[in-house]
Amino acid sequence: MPARLPKILLDCDTGIDDALTLLYLASLVRTGDAELVGVGTVHGNIDPATGALNTLRVLELAGVEGVPVAVGAGRPMAQDVHYALDWHGQDGLGDTDLPAPAGAPTGEAAAAQIVRLAREHPGELSLLAIGPLTNLAAALLLDGELPGLLREVVIMGGAFDHPGNITTHAEANIWHDPEAADLVLAADWPVTLVPLDVTHPTAVGEQWLTKLAAHDSAAARFAVRILEFYVTAYTPVLKRRGAVVHDALAAMLITNPEVCEYTERPVRVERRGELTRGATVWDARSIPADDDRRASRVATGVDVAAFQDRLLAALLSLD
Ligand code: RIB
Ligand code: CA
């Protein structure tokens, strides 16, 4: 029986690690190892309209055609919008001021696209969320049957036994819209959560960056160019030259789940804490959890070398 071809519906806030993840996904599409059925963009690193143009730029650079890109929610459900311009630049791609893409967004709202594609491909889609979860929450409100229509939901987000990155306790994708995140984690669909606990240890360093820069292709040159800004932002945090390509690890787990280890627990999002709003909370006590929320599969361990090697190989394959 041939292995199932993953059909991926991406929701992103195309910033720099989202762009590298799009290149990773493009490599899977080009080798016939996955299908990218659509992309939605959301507020977060940048506004969703700019995120959509950045997404189109990357897909065109990677030679991936015919993927609908839909602009989504421009703000969170219950707080002011905040962009991560210090980490991703004013244009979301490290202030590289790239030419406008040839294509344009479809005009469909990203949440409506999630519902439409889930109904067109019942039980088949892997919904990959690498930005704030506002579009996913809006889609859940649009269609109460949505959780039963998706194969899986893979989310880059959260922090458990690891500090937050946008506040002391909260990871950015969850913090950008805590109400949406808690709605998504409460829904009855199979969630894999990929938190900072596993993304931060995968931070690429000097040797990885040098191998990427040594490769002569348009995709590699683009990746090097947008990484310059991201590495500059990350180096003081890592205390060495490098950067964390958070989103690519979530994408990789769709085709290569063996790259991580997991535990299953219900996860909730703090929405009222003065200091902890946006934190992901689970009951890690040894007593049986009495939370009736569906458990999420949370990545707790990662094979760093496997991740870094696979990501580099994918980026170098895009000649
Ligand atoms: O916390 C990391 C997440 O926030 C990544 O998705 C990155 O792109 C930013 O959106
Ligand atoms: Ca992102």
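Both counts, for ligands and for their atoms, begin at 1 and track the order of listing. As the structure is a prediction and not an experimental result, all values here were calculated from the model.
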Does the side chain of R297 pick up a donor-acceptor pair with the side chain of T192 at under 3.5 Å? yes
Protein contact of atom 5 (C) of ligand 1 - nearest heavy atom, named by residue and atom, plus distance: D247 OD1, 3.2 Å
In degrees, rounded to 10 degrees, what angle do I130 atom O and D18 atom OD2 make at the Ca ion (ligand 2)? 90°
Only heavy atoms of A172, strictly under 4.0 Å: list the atoms of ligand 1 that pass. 1 (O), 4 (O)
So if I count the atoms of ligand 1 from 1 in the order they appear, which ones are less than 4.0 Å from some heavy atom of M156? 2 (C), 3 (C), 5 (C), 6 (O)
re atom 4 (O) of ligand 1, the protein heavy-atom contact at minimum distance is N173 OD1, 3.4 Å
Taking the six-membered ring for Trp, are the ring centroids of H200 and H246 within less than 6.0 Å of each other? yes
for atom 2 (C) of ligand 1, nearest protein heavy atom and its distance come out as E171 OE2, 3.4 Å
CZ/R151: more than 12 non-hydrogen atoms of other groups inside 6.0 Å: no
Tell me, which N, O or S atom in D13 is closest to the Ca ion (ligand 2)? OD1
For atom 8 (O) of ligand 1, what's the nearest protein heavy-atom neighbour? Residue, atom name and distance, please. D17 OD1, 2.5 Å
Keeping R268 on the side-chain end and D182 on the backbone end, is there a donor-acceptor pair under 3.5 Å? no
D18 heavy atoms, cut-off 4.0 Å: which ligand 1 atoms fall inside? 8 (O)
For ligand 1, which part of D13 has a heavy atom less than 4.0 Å away: the side chain, the backbone, both, or neither? side chain
Atoms of ligand 1 less than 4.0 Å from I130 heavy atoms? 6 (O)
Carboxylate-amine/guanidinium contact D216 R221, below 4.0 Å: yes
Does R277 come within less than 4.0 Å of E179, counting only side-chain N to carboxylate O? yes
Side chain or backbone, does Y230 bring an N or O within less than 3.5 Å of an N or O on ligand 1? no
How is the N/O/S atom of D247 that comes nearest to the Ca ion (ligand 2) named? OD2
Report the part of N165 in contact with ligand 1, treating N, CA, C, O as backbone and CB onward as side chain, heavy atoms under 4.0 Å; options are side chain, backbone, both, neither. side chain
If we ignore angles and hydrogens, is there a donor and acceptor under 3.5 Å between the side chains of E261 and T300? no
Assess the pair Y230 and H88: is the distance between their ring centroids shorter than 6.0 Å? yes
Name the closest protein heavy atom to atom 9 (C) of ligand 1, giving the residue it belongs to and the distance to 0.1 Å. N45 OD1, 3.2 Å
Any side-chain heavy-atom pair of D291 and W282 under 4.5 Å: no
Taking distance alone, with no angle check, do L196 and ligand 1 share an N/O pair under 3.5 Å? no
Determine, for K211 against D309, whether the closest basic-nitrogen to carboxylate-oxygen distance falls under 4.0 angstrom. no
